[in-house]
Amino acid sequence: MDNTYYLKVALNVPLLTTFDYILSSDISPERIKAGQRVEVPFRKQKKVGIILAITSKTTLATHKLKTISRLIDDQPIIDNTSMQLAYWLSDYYHKSLGEVFTVLLPTRIRQGKALSLPTKEIWYAKATDASAQLKRAPKQQRAFEIIQQYPDGLTRENFNALDISLPIVNALSEKALLIKKVILPQEKNSLIHPSPVTLNTEQQNILEQMHAELNHYVTWVLDGVTGSGKTEIYLQMITAVIHENKQSLVLVPEIGLTPQTIARFSSRFDTDIVVLHSALSDIERAEAWLKAKLGIAKIIIGTRSAIFTPTKNLALIIVDEAHDVSFKQQESLRYHARDVAVKRAQLENIPIILGSATHSLETLYNAQTKKFKQLHLYQRAGYAVEPQYTLLDIRNHYLKEGISPEVLEAIAEKLKAKEQVLIFLNRRGYAPAYMCHHCGWVAECQRCDARMTYHLEPLHLHCHHCDSTKPLYQYCPKCQSHNLLAIGLGTVKIEKVLNDIFPKATLVRVDKDSTRKKNAMDQHLEMIQSGKVDILIGTQMLAKGHHFPNVTLVIILDGDSGFFSSDFRATEAFAQTLMQVAGRAGREEKPGTVMIQTRNPDHPQLQTLVYQGYPHFVNEILKEREIAKLPPYSFLSLIRANAKNNHQTHEFLNQVKALSIKSHTPDISILGPIDAPMPKRAGNYHSQLLFQANNRMQLKQFLSQLVNDIYKLENINRVRWSLDVDPTDLMG
Ligand SMILES: [Zn+2]
Ligand SMILES: [Zn+2]
Ligand SMILES: [Zn+2]
C-alpha cells in the first residue's frame with residue numbers, strides 16, 4: 001500500500017458521528033493540524049468541516065471513502081481550549097461535534113470564507129521631483145506636490161478631505177511615485193480612567209480576596225442587591241486584567257445589552273471592546289471573532305453565545321445577572337451559558353464571577369457545598385435602604401379594574417410628592433381572555449391550547465404562543481349572544497384605567513408591544529430617567545438591570561402567579577422577578593415601598609420571601625427540592641417530541657422508552673411519555689419523556705447510548721425530537 005492518510009472530519013449533520021476522508025496526495029500530511037477547516041464532498045454537495053485528526057489507517061472500507069476537495073486553512077482556526085470545549089459540549093449535551101461547531105463558529109467561518117480584518121491603506125509620496133514626468137498631467141502633478149507635504153502618509157479619507165480623487169492616486173501609484181502600505185489593525189494601548197467612586201470596606205475586602213486568586217480557576221458567586229456596587233467590582237477586576245495586557249469576557253442577559261451597559265465599560269476603559277449582539281452583520285461578527293482571537297480586543301461583551309468567542313489570553317469571565325433565563329439556549333445545542341462559562345474557566349484555569357442579587361438554586365447549592373466561593377455585598381451604595389414590603393390581601397375586596405383602593409391611594413400620594421411609581425404586570429395586551437358572558441365560551445387559538453389575548457389598537461385577538469391573529473368575534477360562535485367581554489388585566493388595560501383615574505399624570509408602558517420599533521426602548525428609558533414620567537407600567541422588560549432612581553413605589557399587581565404552576569421552577573423564577581422588580585425601588589437617598597396584591601397573603605413561601613428575604617426563601621425551597629429529589633439534588637433530562645398528531649409523538653416516545661428499559665439502568669427513573677403542559681402549539685402536538693437520576697455520570701452514559709439507539713430507529717423522521725440536558729423549562 002502507498003502512504004495514504006485519512007482525515008477525521010466533523011460535519012454539521014444530525015448524527016452522532018464523525019466522517020473519514022482521504023487526504024489528497026498533493027497535500028503533505030505535515031500541513032494537517034486539528035482545528036483546520038476543510039471542504040469535502042458530502043452526498044451531492046460540498047460541506048465545510050473541521051479536521052479533528054489525521055491517521056494512516058481507517059476502520060472503514062477505503063474504496064467507499066472520498067478525497068477532500070480542499071484544505072482551507074494553513075493554521076488551525078480552532079484553538080486548543082475551543083477544541084476541548086467543543087468535545088465537552090458534544091459529550092455533555094449529546095450533539096455531534098459538527099453540530100457543536102455550527103453553534104461555536106460565526107456564519108462566514110462556517111461557510112469556509114477567508115479570515116480577514118479591515119485593513120488600513122496608507123500612501124507615501126517618493127521624495128523626487130516628478131515635474132518632468134508629470135508634465136502632461138497637471139492634475140497629477142498638483143496632487144503629487146500636495147501628497148509630498150505629508151511625510152507620514154495619507155489614507156483614503158485624507159485624500160477625500162484634500163479633494164484628491166482615487167483615479168489620480170492610482171495613476172501616481174502606477175508610475176511608482178506613490179508607495180502603498182497596508183496596515184493591520186493593531187493592539188491599542190489601553191487607557192484606564194480612574195474610578196469615580198470610593199470603595200466601601202465591603203467592596204475592598206471582596207476585591208482583595210479576588211485579586212489574591214486572579215491566576216487560577218475559581219468560581220466566585222457575587223451576591224449583591226441592586227445598587228450594591230457589583231458593577232464596580234467587575235470594572236476593578238477588569239482593570240487588573242488589562243494591567244496584565246490580558247482579555248476579559250463579559251456575558252449579559254439578552255435584555256441587558258443596552259447602550260447604557262456598554263457605556264459603563266467604554267467610559268472606564270479606552271481600549272478595544274467588541275460587543276457581540278444579534279444585530280451584527282455576518283462580516284462584523286466574523287471580524288469581532290477574529291479580533292478577540294488575535295488578542296486585539298481586550299474586553300468582549302455579549303449575550304449567551306459570546307461564551308464561545310476564542311481568545312488569545314483570557315484571564316477573567318464575568319456572568320452578570322447569572323440567574324437570567326436567557327442564558328439557556330432553547331434550540332439545537334441546548335446549552336446553559338453559565339455552565340459553559342464555568343467549564344471554560346476551568347479549562348483556561350482562570351477565575352469566573354457569577355453576579356446576581358437572586359442567584360439560581362443550582363448556583364447557591366454549589367456555593368453551599370463549597371464548589372463555588374460566595375461573597376456578599378450587603379450594603380447598598382449611597383444612602384439607599386432596603387424597600388419596605390406590604391402584602392395586600394385582595395380577597396373579598398372591592399377592586400377598581402383589578403386595582404385595590406390602597407394602591408390607588410399610594411399612587412396619588414407619590415404623584416403629589418413628584419416621585420415615580422412602577423407598576424409590574426407580566427401580561428401584555430389589553431386583556432388575557434375574551435369571553436361570552438352568556439354561555440362561558442372563551443376565545444381560544446385554533447393552533448394552540450391557549451386563550452387568545454384581546455388587543456385594543458387595532459382591535460383583534462392575538463395568540464402569544466404562535467403569534468397568530470384573528471379579527472374580533474361579533475357574536476359568540478357557540479350561543480350567538482352579543483354579550484362578549486374582555487376578561488382580566490393586561491398592561492394596556494392598566495394604562496387606560498390609570499389614565500382615566502389620574503388624567504394629569506404622564507404614563508409610559510414598557511412591554512414587547514410598545515418597544516417593537518427600533519430605539520423605542522431607549523426612548524422610553526430616556527423619558528423615565530429625565531423625570532418626565534410619573535407612572536411606569538411594564539412587564540419583566542422593566543424588571544431587569546435598568547436604573548430608575550426616582551421610583552419610590554413599586555406595585556406588583558399579581559403576586560400569586562408564581563406559586564401555583566405545575567413547573568417546579570416557576571416559584572423560583574417568580575421570586576427572582578419579584579426581587580428584581582422590587583430592587584428598582586428606593587435607590588439613591590429615597591426609601592422605597594413595594595406593595596404586592598395577593599389572594600394568598602398567608603402563603604408561607606411568599607411571606608418568607610418578602611419579610612425575610614431571598615436567601616431565607618432559597619433555603620426553604622432547597623429543603624422542598626431535597627425531599628422531592630428535584631434538582632439540584634438530582635439531575636434531569638427531557639426528550640421532547642412534536643408532530644402533526646398526538647399519536648405519532650406518543651408512539652415515538654414509547655419506542656424511546658422501550659429502548660431505555662432495555663438498557664437496564666435501575667437508578668434512572670423514566671417518567672412518561674406524557675403530553676406537554678400545553679400539548680398543542682402552532683398546530684403541532686408536543687409530548688415529553690423525562691429522565692431523572694441521582695448520579696450525573698450515570699445519566700450521561702445512559703443518554704449517550706440512548707441517543708445512539710434513537711438515531712437507528714425507523715420512522716424517526718415523522719417526528720421532530722430533541723434532548724434537553726438540565727432543562728430549565730418543563731412547560732415548553
Ligand atoms: Zn356564548
Ligand atoms: Zn399580543
Ligand atoms: Zn396559537
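As the structure lists them, so they are numbered: ligands from 1, and atoms in each ligand from 1. Values below: all heavy atoms of this structure, side chains included; hydrogens, waters and symmetry mates excluded. Just so it is clear, the model here is predicted, and its values are computed rather than measured.
Residue contact annotation: C476 places an N/O/S atom under 2.8 Å from the Zn ion (ligand 1). With 2.8 Å as the limit, C466 counts as an N, O or S neighbour of the Zn ion (ligand 3). Among the backbone and side-chain atoms of C448, an N/O/S atom is found under 2.8 Å from the Zn ion (ligand 3). Note on H438: not counted as a metal contact of the Zn ion (ligand 1), no N/O/S atom lying under 2.8 Å.
No more than 12 heavy atoms of other residues, nucleotides or ligands shown are found within 6.0 angstrom of CD on E413. Taking a 6.0 Å sphere around CZ of R451, one finds it holds 12 or fewer heavy atoms contributed by other residues, nucleotides or ligands.
At the Zn ion (ligand 3), the vertex angle linking SG of C463 with SG of C445 is 110° (nearest 10 degrees). Rounding to 10°, one obtains 110° for the angle at the Zn ion (ligand 2) between NE2 (H455) and ND1 (H462). With the Zn ion (ligand 1) at the apex, C436 SG and C439 SG define an angle of roughly 110° (rounded to 10 degrees).
I670 pairs with exactly one of L689, I639, L690, V656 by the side-chain contact (heavy atoms from CB on, under 4.5 Å) rule, that one being L689.
Using a 30° and 60° split on the angle between ring planes, W441 and Y434 fall in the perpendicular class, above 60°.
For the pair L671 and Q692, the minimum side-chain heavy-atom distance is below 4.5 Å. Side chains of L484 and C476 form a contact here, defined as non-hydrogen atoms less than 4.5 Å apart.
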